[in-house]
Amino acid sequence: MRVGVRIARLSTSLFRYPHFPLVSSTSRRFRCNLSPSAASPEDCELNEESDEFLRWLRQKAGSEISSALSVGNSIYGRSLFASKNIKSGECILKVPYIAQITSENISGEIKLLLPRDIENVSRLAVVLLAEKKHGEYSGWATYVNSLPSVDEMHNAIFWSKDELEMVQESAIYQETINLQAHIKKEYSVLGPVLKQFPYVFGDVHLMDFMHAYALVTSRAWDTSKGVSLIPFADFLNHDGTCDAVLLSDVHNEISEVIADRDYAVGEQVMIRYGKFSNATLLLDFGFTLPYNKYDQVQLLLDIPSHDPLYGMKSEILKKHCWPRTTTNADKSNTTGNSFIVKEVKSANGKGKGIPQALRAFARVLSATSVEELQSLVTEATENDGRLARRPLKSNEREIQAHHILCSRLLHMIHGHDVALKELKFVDAFDCNNQQSLRTRMAKDLLNGELRVMKSAYAWLTNYCTSLSVPKEVSLHGKEFSYKLFFLFSFPDIYFILRVA
């Protein structure tokens with residue numbers, strides 16, 4: 001069995017609350033950012049089109065899809081509910097490959113004209129455009145008609161300039177701009193091909209292509225068949241704490257879902273799309289979570305151009321696989337030192353969540369002499385070859401290296417704080433208002449990243465304290481508490497750390 005996850009662009013270049021899939025065109029309510037676990041059987045409103053949809057899909061598949069699930073509407077939009085009592089470990093859904101849409105559905109004549117470097121997401125978007133043009137004559141009409149319209153999608157690429165500026169402090173701001181540029185580039189290449197087949201695609205504009213593209217990124221799964229749209233399965237809402245995932249059985253050519261817990265009749269059934277941060281959820285799926293344990297932050301560091309040791313540091317880092325190349329959403333490469341910081345659960349622990357490579361880079365960055373750099377290179381050569389992975393021999397130098405990270409985090413924390421203060425007076429509790437909903441998403445994103453940064457900052461300051469203050473200080477047999485103040489100066493970095 002192969003585990004299928006929702007495709008996500010940000011997970012490879014940056015760093016999705018329990019999630020609720022996008023509201024379908026038959027349900028006009030905007031989705032609120034609440035926890036799906038709050039849904040009760042009484043909140044369920046079974047969709048009268050459920051039986052019709054399953055009949056169509058059974059006919060398409062030539063087999064039973066599910067006898068345990070029904071399509072319904074909840075306060076989250078279109079959802080799947082238990083139509084009978086479900087036991088943990090029970091197979092609740094099976095969709096054979098023949099009932100899934102992939103890029104293989106493109107006709108041979110059109111496929112030959114598509115450039116080879118067009119990505120699979122764009123190819124599947126082309127299939128959707130063709131099926132939409134066919135209307136009721138399409139063999140996939142029942143499914144295509146259930147997909148959300150542009151107005152019902154909240155992916156960041158559909159946000160206005162003013163809305164996007166709400167998240168300007170987050171890396172998702174630039175990622176969104178990059179993705180919009182990438183989609184435009186794909187369209188510019190595909191456009192001439194689509195125009196050669198007006199009877200297949202009609203008159204396709206950029207927004208039509210962007211809509212189809214977003215439908216794929218928000219609903220498709222990465223399976224053994226590649227990027228696939230799986231009818232019915234994509235009605236399952238996302239819960240980041242859930243253990244149920246989509247599985248692909250290559251031998252039997254089928255995708256299935258196994259329940260991870262018991263469900264009562266009428267209870268909403270959940271699945272985990274993947275371990276996605278709010279940044280990924282917002283960019284690719286159009287929703288966020290009030291609390292997302294997978295939130296993370298991108299931290300960028302570089303050597304100051306006026307550093308006297310700039311050349312030597314650059315050469316040493318290059319030999320040890322730095323700087324790193326980050327792949328953006330538009331598939332362009334950004335050469336820089338990008339690190340992903342995750343939440344540090346304990347300020348007194350081992351600092352899990354702060355990459356060792358980030359701390360190593362800071363040690364190199366803090367070096368002020370040729371001898372220090374040569375010592376780091378020698379140490380790496382005599383051990384496992386990794387540069388500056390061990391604490392510096394001088395506690396003072398080790399503290400100075402980590403002060404660099406503290407300073408960078410403080411700057412980012414301040415930026416997020418200011419952004420959140422500007423949003424705090426916005427009424428974000430009217431879920432029927434698009435602006436309010438997107439404001440809440442921006443708050444979820446910024447609050448999650450702020451939580452991660454503060455956790456990393458707390459650990460770093462504790463680490464510096466442990467190096468500068470004796471572990472046990474006593475006076476006449478009694479514990480003695482006092483405060484120390486450190487002033488550290490580094491090129492363009494001035495930082496005061498207060499230790500209590």
Side-chain angles (χ1 to χ4, degrees), residues 5-16 22 102-103 106 110-111 113-130 132 147-148 150 153-161 163-168 170-195 201 204-222 226-229 273-274 276-287 296 298 300 324-336 338 340 438 441 445:
V5 296
R6 287 291 177 101
I7 62 173
R9 311 188 61 84
L10 264 181
S11 58
T12 59
S13 57
L14 274 185
F15 13 55
R16 273 187 154 254
L22 301 169
T102 70
S103 59
I106 303 176
I110 299 173
K111 189 182 297 185
L113 296 176
L114 294 179
R116 291 186 177 182
D117 59 346
I118 290 296
E119 64 173 356
N120 288 332
V121 172
S122 295
R123 291 175 183 272
L124 192 47
V126 167
V127 175
L128 275 183
L129 290 169
K132 183 177 180 180
L147 299 176
V150 173
M153 302 185 74
H154 301 288
N155 307 52
I157 59 171
F158 297 120
W159 286 27
S160 68
K161 181 180 179 181
E163 289 170 338
L164 198 56
E165 286 181 352
M166 293 189 295
V167 295
Q168 193 167 7
S170 171
I172 192 180
Y173 177 81
Q174 188 59 50
E175 280 289 330
T176 300
I177 294 174
N178 291 343
L179 181 53
Q180 290 171 331
H182 172 65
I183 295 174
K184 289 179 181 178
K185 182 179 178 181
E186 293 280 285
Y187 173 73
S188 68
V189 175
L190 286 169
V193 177
L194 304 183
K195 288 181 178 179
F201 301 105
V204 179
H205 299 281
L206 173 60
M207 184 52 67
D208 300 319
F209 178 71
M210 187 173 290
H211 179 213
Y213 189 98
L215 285 172
V216 174
T217 61
S218 63
R219 309 188 77 83
W221 304 80
D222 183 12
V227 180
S228 308
L229 285 167
Y273 292 175
F276 299 137
S277 67
N278 271 343
T280 300
L281 292 178
L282 179 54
L283 185 69
D284 292 330
F285 297 89
F287 69 91
Q296 51 193 33
Q298 184 185 55
L300 298 173
R324 299 177 175 185
T325 298
T326 298
T327 302
N328 299 316
D330 62 351
K331 289 195 170 182
S332 65
N333 291 329
T334 297
T335 300
S338 174
I340 299 302
R438 292 180 178 179
M441 292 180 184
L445 173 74

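Residue numbers run from 1 in the order of the sequence given.
Across all their heavy atoms, Lys111 and Ser103 have their closest contact at CE-O, 4.3 Å. Here the shortest heavy-atom pairing between Ser218 and Asn155 reads CB-ND2, 4.1 Å. Of all heavy-atom pairs between Ala156 and Ile172, the closest is CB-CD1, 4.5 Å. The two residues Ala212 and Ala125 make their nearest non-hydrogen contact at CB-O, 3.7 Å.
Classified by interplanar angle (parallel below 30°, tilted 30° to 60°, perpendicular above 60°), the ring pair Phe209/Tyr187 is tilted.
Listed for the Arg123 side chain is a donor-acceptor partner under 3.5 Å among the backbone atoms of Ile118. Here the side chain of His211 pairs a donor or acceptor atom with the backbone of Pro148 at under 3.5 angstrom.
In this structure, the side chains of Met166 and Leu445 stay at 4.5 Å or more apart for every pair of heavy atoms. Looking at heavy atoms from C-beta onward, Leu283 lies out of side-chain contact with Phe276 at the 4.5 angstrom threshold. Using a 4.5 Å heavy-atom threshold, the side chains of Leu128 and Leu229 count as touching.
Atoms CE and CE, on Met153 and Met210 in that order, are 11.5 Å from each other to the nearest 0.5 Å. Summarising the geometry, atom CD belonging to Glu186 is positioned 12.0 Å from atom CG belonging to Leu206; distances are rounded to the nearest 0.5 Å. One finds the CD1 atom of Ile183 at 4.0 Å from the CD1 atom of Ile157 (value rounded to the nearest 0.5 Å). Note: Ile106 CD1 to Leu113 CG = 11.0 Å, rounded to the nearest 0.5 Å. Residue Phe158 holds its CZ atom at 6.0 Å from CE of Met207, rounded to the nearest 0.5 Å. Interatomic distance, Gln298 CD to Ser277 OG, rounded to the nearest 0.5 Å: 11.0 Å.
Among residues two or more places apart in sequence or in another chain, the side-chain hydrogen bond (donor to acceptor under 3.5 Å, both in side chains) test is passed with Ser228 by Thr223. With sequence neighbours left out, the side-chain contact (heavy atoms from CB on, under 4.5 Å) criterion links Phe201 to Ile110, Val126, Leu129, Ala130, Leu194, Phe197, Val204. Partners of Gln174 under the side-chain hydrogen bond (donor to acceptor under 3.5 Å, both in side chains) rule, at least two apart in sequence or in another chain, are Asn178. For Lys195, the salt bridge (charged side-chain N to carboxylate O under 4.0 Å, His left out) test picks out no residue, with sequence neighbours left out.
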### Message
With side chain to side chain contact (heavy atoms under 4.5 Å, CB included) as the criterion, how do Trp159 and Thr176 come out once you've worked through the C-alpha distance, each side chain's angles and the decisive distance to 0.1 Å?
### Response
CA-CA 9 Å; Trp159 286 27; Thr176 300; over 6 Å; no
